[in-house]
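A short write-up of the structure that comes next.
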Protein chains: 2
Amino acid sequence: MKLTSKGRYAVMALVDLARFDTVNPVSLRDISLRQGISLDYLEQIFSKLKKNQIVKSTRGTQGGYVLSKKPDEIKLTNIFNAVDEKVKTVQCKKESKKGCNGKATKCVTHNLWDELETHINSFFEKKSLEDLLKNNSERIN
Amino acid sequence: MKLTSKGRYAVMALVDLARFDTVNPVSLRDISLRQGISLDYLEQIFSKLKKNQIVKSTRGTQGGYVLSKKPDEIKLTNIFNAVDEKVKTVQCKKESKKGCNGKATKCVTHNLWDELETHINSFFEKKSLEDLLKNNSERIN
DNA sequence: ACATACCTGACTAAAATGGTCAAGTTTAGA
DNA sequence: TCTAAACTTGACCATTTTAGTCAGGTATGT
């Protein structure tokens, strides 16, 4: 299972973006400075966020990024999927048409991971950017 | 967050163990053959399971491992903790007594990860080995 | 005594992570 | 029109983690 800082950075950056300015584009340089995330790394992340229609970009001077939906329409699942943070548990080695590990049946843990995945995903599907904004409205960074 | 095959192997091996013989010790060699897990790797895993009082060992010929508790008393949390599969989300860099990333306040995602961690742990705390045994009673491996 | 099975620790190849670096293209504004 | 700010793309890389292997033990039932 993966759930690393790329996903965390993505969330941090989007919260920053949403809070800082809802109308004018916000530059990655500003986000980089405020959140302490490498600019180059942010660019990779936002490239993916853009492909997944989570943000829109404006080029040129005074350019930057804006959310492409309202914060309550952006679920955390969307964000994690966008940056390839697949909430996927370890897979059994799939051997052709057989079960796990080349055996005839599914391995004993197969259903377990499926269940867990569903469980975690449901958590992320309920949470939106909006929720995080409310939760942190008193903070500066 | 970590949740990799070491934890999965531990669960597979324990289910195998529990189902195969509840009285006599089961050798790692047998588990290794039945589950297709490297013997050397199993030994590492069982060493940790033993330290955490999840299994008991008997040495010598006809030796092996037995569960040290009843299957319904062994929760998945116990297993994952034992093999160092800490269900821990990515941490913010902790700077001395300050907040995350050297700032004065907690970062916006801080609470989120805490919440997620609790959510996942509660899933694993509810699930016991017994549950897995029941779920897979019709299977062979 | 000897085979079986547990026990321990060092080691390692491959993959993932968390970035950096370089070389653009686009566009607002002077 | 020129230029700097800002987005865009893709290659590259050091470090860490993962998923083991290998080599040597030690203990014990028969």
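Below, chain A is the first sequence line, B the second, and so on; all start at residue 1.
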Side-chain contact, heavy-atom cut-off 4.5 Å: [X] with [Y]?
{"X": "A:V11", "Y": "A:F80", "result": "yes"}
{"X": "B:R19", "Y": "B:L133", "result": "yes"}
{"X": "A:N52", "Y": "A:V83", "result": "no"}
{"X": "B:L132", "Y": "B:L14", "result": "no"}
{"X": "A:D30", "Y": "A:D16", "result": "no"}
{"X": "B:L112", "Y": "A:L76", "result": "yes"}

Atom-to-atom span, [atom1] of [X] to [atom2] of [N] - whole angstrom:
{"X": "B:N24", "N": "D:dT28", "atom1": "CG", "atom2": "P", "answer": "18 Å"}
{"X": "A:Y9", "N": "C:dT17", "atom1": "OH", "atom2": "P", "answer": "14 Å"}
{"X": "A:Y41", "N": "C:dT17", "atom1": "OH", "atom2": "P", "answer": "9 Å"}
{"X": "A:L49", "N": "D:dT8", "atom1": "CG", "atom2": "C1'", "answer": "14 Å"}
{"X": "B:L42", "N": "D:dA19", "atom1": "CG", "atom2": "P", "answer": "14 Å"}
{"X": "A:K48", "N": "D:dC7", "atom1": "NZ", "atom2": "P", "answer": "18 Å"}

Can any side-chain N or O of [X] pair as donor or acceptor with the backbone N or O of [Y] at less than 3.5 Å?
{"X": "A:N78", "Y": "A:K75", "answer": "yes"}
{"X": "A:S68", "Y": "A:K56", "answer": "no"}
{"X": "B:S32", "Y": "B:S38", "answer": "no"}
{"X": "A:D131", "Y": "A:S128", "answer": "yes"}

Practice task
Take the angle between the ring planes of A:Y9 and A:Y41 and call it parallel below 30°, perpendicular above 60°, tilted in between.
Solution key: perpendicular
Exercise for the section: Quantify the bending of the helix from C:dA1-D:dT30 to C:dA30-D:dT1 as the angle between its end axes, each fitted on five pairs, to 10°. Expected result: 10°
Listing time: all N or O pairs from protein to nucleotides 12-16 of chain D that are below 3.5 Å?
none

Handout entry: Per-nucleotide protein contact string for nucleotides 1-7 of chain C, where B marks a base within reach and S marks sugar-phosphate only (heavy atoms under 4.0 Å, - for neither)
Key = --BBSBB
